[in-house]
Amino acid sequence: MKPIYMDHHATTPIDPMVLQAMMPYLTDIFGNPSSTTHEYGREARSAVEKARGQLADLIGAQEAAEIVFTSGATEADNLALKGIGFHSSHGKGHLITIAIEHKAILDTVSKMQKQGFDVDFAPIDASGQVDLEALQKLIRPDTILITIQAANSEIGTLQPIAEIGKIAHERGIVFHTDAVQALGKIDIDVVRDSIDMLSISAHKMYGPKGVGALYVRKGVRLASQIDGGGHEHGFRSGTLNVAGIVGLGAAAELAKKELQSEAPRLRKLRDRLIKKIEANLDFSTLNGHRTNRLPNNVNFSFAFVEGESLLLACRDVALSSGSACTSSSLQSSYVLKAIGVPDSLAHCSIRFGLGKSNTEEHIDYLVDLLKKHVVRLREMSPLYDMAKEGIDIDHHQWGEHSHDEH
Ligand SMILES: *Cc1c(COP(=O)(O)O)cnc(C)c1O
């Protein structure tokens, strides 16, 4: 038996309806959508344009032409940031973001910094939410872009994107949001929320891997990052991934249709999991915002238990932890670090990413498993015994050979 899948922030399986929509474009309908002198090409072209419309519909774009297909959200994020940076401002200018963005944003921003751009990280609170007043104060005459995610993939915290959009537009600044985790989970409307660019990934919403899109509001100018033939209005060259794009379109249509039913269902599962963990396991803390979070995200630190050991013990459920084994060391999550979770607790953190396949039974099974193993692993922890007795471990005097490590 395979483990119960509960890592839907990392990726999702292809929905059977999405696969069904894709199949003809992997077999009979193989034309190149740029070769419209014959029926093969025209069939492919019309499938791509249908998908463009389905995506525009999901995010409330006014025109399908505002959707640019890419190889995924990593490319979409790169195109958005470098595209703005190297078009109108010719390699100079000021960008504002936050420290808990996906690496596709952070690594891009850091490279741009080396190339001469100025970058500011707007402060966030302990739940990960951006401080809007502080954000406003960071804006400068040469600010060319604000990029802030719609939802965080580790702690699920939602950002006030409509407010950020309003601030950006009042000052004439382009606003980009990485909405990968949010689409299909919360309602997003690029016009209502004043969004100029928005990144999308198919495989995070029950579509195939290796395809995504960037919404680019009409009038926003970008420097292309991949050249060669001028596809996608010159924003992104390369023969289109027709089957992938059809899958992305079908996934978008499904996400829109299921938003009203699936998001509340997930929210119920999420709150059941949170409630049960808090009722059954002492010294466990919820990371992220209690209510203002993705309907499918739960993230807990279980003090006195090594996250990796807990993952191993709970291997009947596919989960991910708040630390990553690198070749040399065990590094704790930069997201947890940025919201002020101490290293000792970050290493005890587990992310639960709920999805379509998960049920109430899964939640109850998982909680039983956690109970059993957290209790067992804590039996080996002298620190846990002390904490239970009410000893303040952080300020405890460890005898005469101790030294203060702060
Ligand atoms: C997964 C993810 C990405 C990267 O998307 P790919 O399509 O896998 O390149 C970007 N941003 C966020 C928030 C993600 O979760």
Side-chain angles (χ1 to χ4, degrees), residues 3-10 100 124-129 151-158 181 185 266-325 330-355 358-360 362-381 383-384 387-388 393-394:
I4 297 168
Y5 190 72
M6 231 182 256
D7 199 15
H8 289 85
H9 300 298
I100 59 170
I124 50 176
D125 65 19
S127 78
Q129 277 191 312
N152 188 272
S153 58
E154 276 189 51
I155 54 173
T157 300
L158 305 178
Q181 295 290 338
K185 308 292 187 308
L266 289 169
R267 197 170 291 120
K268 258 181 80 180
L269 291 182
R270 176 195 76 186
D271 293 342
R272 184 186 185 89
L273 180 55
I274 292 174
K275 230 172 99 183
K276 283 200 144 199
I277 287 175
E278 289 182 335
N280 286 287
L281 289 161
D282 57 357
F283 299 101
S284 46
T285 41
L286 181 69
N287 297 310
H289 200 283
R290 187 163 288 273
T291 50
N292 220 342
R293 73 188 299 138
L294 282 172
N296 65 330
N297 176 278
V298 175
N299 187 311
F300 265 97
S301 298
F302 302 99
F304 318 113
V305 177
E306 197 63 54
E308 295 291 315
S309 316
L310 190 54
L311 280 195
L312 197 66
C314 298
R315 58 182 170 273
D316 281 355
V317 186
L319 296 164
S320 95
S321 80
S323 45
C325 279
L330 196 65
Q331 275 187 344
S332 67
S333 138
Y334 69 92
V335 171
L336 295 177
K337 203 173 270 190
I339 60 167
V341 175
D343 263 359
S344 56
L345 273 184
H347 284 304
C348 310
S349 301
I350 306 275
R351 176 182 73 178
F352 308 90
L354 306 174
N358 296 132
T359 62
E360 253 179 32
H362 291 170
I363 301 293
D364 297 349
Y365 175 75
L366 170 68
V367 173
D368 285 343
L369 211 62
L370 285 171
K371 260 179 7 196
K372 184 168 118 194
H373 293 295
V374 168
V375 168
R376 182 179 60 80
L377 290 164
R378 277 177 178 170
E379 271 167 14
M380 308 174 209
S381 165
L383 290 178
Y384 175 62
K388 255 195 325 192
I393 291 159
D394 288 337

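As the structure is a computational prediction, the values presented were derived from the model and not from experiment.
- Residues Phe300 and Glu278 have side chains in contact (heavy-atom distance under 4.5 Å, counting atoms from C-beta outward).
- Using a 4.5 Å heavy-atom cutoff, the side chains of Arg290 and Ile274 are in contact.
- Checked against Arg293 for a side-chain hydrogen bond (donor to acceptor under 3.5 Å, both in side chains), the options Asn296, Thr291, Asn297 give a single hit: Asn297.
- Although no hydrogens or angles enter the test, the distance criterion places no donor-acceptor pair under 3.5 Å between the side chain of Glu360 and the main chain of Leu269.
- Listed here is the closest heavy atom pair of Gly307 and Ile350: O-CD1, 3.8 Å.
- When side chains are defined from C-beta on, Ile363 does not count as touching Asn358, because their heavy atoms never get closer than 4.5 Å.
- Here the closest non-hydrogen pair linking Ile277 and Ser284 is CG2-OG, 3.9 Å.
- The main-chain N or O of His9 is found under 3.5 Å from a side-chain atom of Gln181 such that the two form a donor-acceptor pair.
- Here the side chains of Leu319 and Arg351 are not in contact, with every heavy-atom distance at 4.5 Å or above.
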Derivation of the side-chain contact (heavy atoms from CB on, under 4.5 Å) call for Phe352 and Val317: CA-CA 10 Å; Phe352 308 90; Val317 186; over 6 Å; no

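- In this structure, the side chains of Lys372 and Asp368 stay at 4.5 Å or more apart for every pair of heavy atoms.
- For the pair Arg272/Lys275, no side-chain contact is recorded, criterion being any heavy-atom separation below 4.5 Å from C-beta on.
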Leu366/Ile4 under side-chain contact (heavy atoms from CB on, under 4.5 Å): CA gap, chis, key distance, verdict: CA-CA 9 Å; Leu366 170 68; Ile4 297 168; over 6 Å; no

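- To the nearest 0.5 Å, atoms CG (Leu281) and CG (Leu370) are separated by 6.5 Å.
- Considering CG of Asn292 and CG of Leu158, their distance stands at 5.0 Å, rounded to 0.5 Å.
- The two residues Val341 and Ser301 make their nearest non-hydrogen contact at CG1-OG, 4.4 Å.
- Taken to the nearest 0.5 Å, the CD1 atom of Ile100 stands 15.0 Å off from the NZ atom of Lys337.
- Tyr384 meets the side chain to side chain donor-acceptor pair (under 3.5 Å) test with Asp282; sequence neighbours excluded.
- Using a 4.5 Å heavy-atom cutoff, the side chains of Leu377 and Glu306 are not in contact.
- Checked by atom type and distance alone, the side chain of His362 pairs as donor or acceptor with a backbone atom of Thr359 at under 3.5 Å.
- Counting only distance, with no hydrogens or angles, the side chain of Asn287 and the backbone of Ser349 share no donor-acceptor pair below 3.5 Å.
- Between the side chain of Arg378 and the main chain of Ala303, a donor-acceptor pair closer than 3.5 Å is present.
- Closest of all the heavy-atom pairs between Ser381 and Phe304 is OG-CB, 3.6 Å.
- If you take CD on Glu154 and OG on Ser321, they are separated by 9.0 Å, rounding to the nearest 0.5 Å.
- Side-chain contact between Leu294 and Leu354: absent, with no pair of heavy atoms (C-beta onward) separated by less than 4.5 Å.
- By the 30° and 60° cut-offs, the orientation of the rings of Tyr5 relative to His8 is perpendicular.
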